[in-house]
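Reviewing the structure listed below.
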Amino acid sequence: MYKLIASDMDETFLDKTHRIPAANLEALATLKQLGVLFVPSSGRGYDSIMDNFAEIDPALMEGSYVISYNGGTINRFGDPTPLTRHALGHEIADAMWRLGVEHGVCMHAYTPDGRVLVRDCPPSEMAYLSSLKRVETYDEPTLSALPEVSKMLFMSDDFDWVQTGWADVVGTRLEELGMSGAADITFSSRRYLEVIPAGVNKGTGLVELAGILGVPAAETIGMGDSANDREMIEVAGLGLGVANVTPDVRPSCDAVLETTGMAGALPEVISHFVEPAR
């Protein structure tokens, strides 16, 4: 029997307007009745994830948890004080920011207090960011004024270039600075390269939370759509991709759903996997 579902948010659980589809809201109520925890797991920060649940009945998520910053932070749902936290080293974050400034690449710096500092973003990205809170334009050439950064993110609408050309630039700079062993690179949303603390990902976050709760990994489900979901999909007892899962992640999935994340895929998870396992 599955006791916990850890789900990515963007392109997996939310629709294109960053709202929870009606089908998923009904599914949350069903999971509550079944005694199965639904755990949001996102590359975004805790506060940003909580914004997505601001208009729903809090009873639907009572007793649950939130995995944010790609496994870097775990919170009890509704409690802003982290249970666990892993941050990107300031030296690495500052080096990445300087690299982005040097090349004029759109970038985000995520802070532990939930802010998203952005620079050099094209109109397409600014339109997306306008739907989020706590986003600030930050034109400083360095991050020297910030004591800590949770993760760095680079963006381009040319995802092939992000995965190859820019990934090579980032990897080379980390190697030149002797930092390649202190940071990992992953990809998300078909436009982002993310620089995160080494050895920290949604998979380690799920394992860490399962340990806190005393839930065996075999009794967890991990679902997502992008490369930053791969480790979570692989370590879960059942790893699921939504119908829009990227080709590179599809082989890691135990099953791929027929429903896209934006259409509300959680009911399919319940009917095909949760209820039959009871």
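Heavy-atom basis, side chains included; hydrogens, waters and symmetry copies ignored. What you see is a predicted model, and the numbers here were worked out from it, not measured in a lab.
Taking the six-membered ring for Trp and thresholds of 30 and 60 degrees, W97 and Y138 have ring planes more than 60 degrees apart, a perpendicular arrangement. Between Y128 and H18, the ring planes lie tilted relative to each other; the angle falls in the 30° to 60° range.
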| Where do N52 and R44 land on the side-chain hydrogen bond (donor to acceptor under 3.5 Å, both in side chains) test, with the steps shown first? | CA-CA 11 Å; N52 298 132; R44 292 187 282 116; 2.8 Å; yes

| request: Please test H108 against L129 for side-chain contact (heavy atoms from CB on, under 4.5 Å), starting from the C-alpha separation and ending with a verdict. | output: CA-CA 10 Å; H108 307 179; L129 292 170; 3.8 Å; yes

| Which is it for E11 and K16 under the side-chain contact (heavy atoms from CB on, under 4.5 Å) test, yes or no, and what are the steps along the way? | CA-CA 7 Å; E11 287 89 43; K16 292 181 179 180; over 6 Å; no

| Can you check side-chain hydrogen bond (donor to acceptor under 3.5 Å, both in side chains) on N70 and N228, steps first, answer last? | CA-CA 7 Å; N70 286 325; N228 67 327; 2.9 Å; yes

| request: Could you give me the CA-CA distance, side-chain angles and deciding distance for L132 and V116, then say whether side-chain contact (heavy atoms from CB on, under 4.5 Å) is met? | output: CA-CA 9 Å; L132 303 178; V116 184; 5.8 Å; no

| said: Apply salt bridge (charged side-chain N to carboxylate O under 4.0 Å, His left out) to residues D225 and R190 and explain how you reach the verdict. | reply: CA-CA 10 Å; D225 72 286; R190 295 173 176 81; 3.7 Å; yes

| So L206 and L4, side-chain contact (heavy atoms from CB on, under 4.5 Å) or not? Walk me through it. | CA-CA 10 Å; L206 175 55; L4 185 158; 3.7 Å; yes

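The residues R173 and E176 are annotated as salt-bridged, a charged nitrogen and a carboxylate oxygen being separated by less than 4.0 angstrom. The existence of a salt bridge linking R85 and E148 is confirmed by a sub-4.0 Å separation between a basic side-chain nitrogen and an acidic carboxylate oxygen. Here R19 pairs with E55 in a salt bridge; the nearest charged N to carboxylate O distance falls below 4.0 Å. Taking the charged nitrogens against the carboxylate oxygens, D113 and R134 have no contact shorter than 4.0 Å, which rules out a salt bridge. A salt bridge links R191 with E125: the closest approach of a Lys/Arg side-chain nitrogen to an acidic carboxylate oxygen falls below 4.0 angstrom.
To the nearest 0.5 Å, atoms OG (S156) and CD (Q163) are separated by 11.0 Å. To the nearest 0.5 Å, atoms CG (L174) and OG1 (T172) are separated by 9.0 Å. The line from CD1 of I270 to CZ of F38 is 9.5 Å long, rounded to the nearest 0.5 Å. Remark: D47 CG to R115 CZ distance equals 12.0 Å, nearest 0.5 Å. A distance of 10.0 Å separates CG of D120 from OG1 of T137, quoted to the nearest 0.5 Å. Put simply, CD on E26 and CG on L60 are 11.0 Å apart, with the number rounded to the nearest 0.5 Å.
Contact between Y2 and V274 at its shortest, heavy atoms only, is CD1-CA, 4.5 Å. The minimum heavy-atom distance linking G222 with A236 is given by the pair N-CB, 3.3 Å. Shortest non-hydrogen contact noted between M96 and M107 is O-SD, 4.1 Å. When every heavy atom of S41 is checked against every heavy atom of M232, the shortest pair comes out as OG-SD, 3.5 Å.
Looking only at atom types and distance, the side chain of T246 has a donor-acceptor partner in the side chain of D248 under 3.5 Å away. In the model, E175 has no side-chain atom that pairs as donor or acceptor with a side-chain atom of S180 under 3.5 Å. S189 and D10 form no side-chain donor-acceptor contact under 3.5 Å, judged by distance and modelled atom types alone.
Taking 4.5 Å as the limit, some side-chain heavy atom of D8 sits within range of a side-chain heavy atom of K202. For the pair K3 and T220, the minimum side-chain heavy-atom distance is 4.5 Å or more. At least one side-chain heavy atom of M155 sits under 4.5 Å from a side-chain heavy atom of S124. The shortest distance between side-chain heavy atoms of H272 and L257 does not fall below 4.5 Å. Between E194 and F154 there is no side-chain heavy-atom pair separated by less than 4.5 Å. Residues P40 and F53 meet the side-chain proximity criterion, which asks for heavy atoms closer than 4.5 Å. A heavy-atom distance below 4.5 Å is found between the side chains of L88 and V195. The closest side-chain heavy-atom distance from N75 to T81 is not below 4.5 Å.
For the pair D229 (side chain) and S226 (backbone), a donor-acceptor distance under 3.5 Å is present. N24 places a side-chain N or O within 3.5 Å of a backbone atom of L266 that can act as its donor or acceptor partner. Checking side-chain atoms of E268 against main-chain N and O of E258 turns up a donor-acceptor pair under 3.5 Å. The main-chain N or O of G239 is found under 3.5 Å from a side-chain atom of D254 such that the two form a donor-acceptor pair.
A continuous path of Ile, Leu, Val, Met, Phe, Trp and Tyr side chains, each step under 4.5 Å between heavy atoms, connects L34 with L25, placing both in one hydrophobic cluster. Residues Y65 and I49 fall into different hydrophobic clusters, defined by Ile, Leu, Val, Met, Phe, Trp and Tyr side chains chained together at heavy-atom separations under 4.5 Å. Hydrophobic cluster membership is shared by V242 and L240, with clusters built from Ile, Leu, Val, Met, Phe, Trp and Tyr side chains linked at under 4.5 angstrom. Linking Ile, Leu, Val, Met, Phe, Trp and Tyr whenever their side-chain heavy atoms come within less than 4.5 Å leaves I212 and V200 in two separate clusters. In the hydrophobic clustering of this structure, V101 groups with L117; members are Ile, Leu, Val, Met, Phe, Trp, Tyr whose side-chain heavy atoms approach within less than 4.5 Å, directly or through other members.
Residue E275 qualifies as enclosed at atom CD: its count of foreign heavy atoms under 6.0 Å is above 12. More than 12 heavy atoms of other shown residues, nucleotides or ligands fall within 6.0 angstrom of atom CD in E136.
Cation-pi geometry between K151 and Y69 is not met at under 6.0 angstrom from the ring centre and within 45 degrees of the axis.
Ring centers of Y192 and F159: at least 6.0 Å apart, outside the cut-off.
Of the candidates T204, L209, T73, I67 forms a side chain to side chain contact (heavy atoms under 4.5 Å, CB included) with just one, namely L209.
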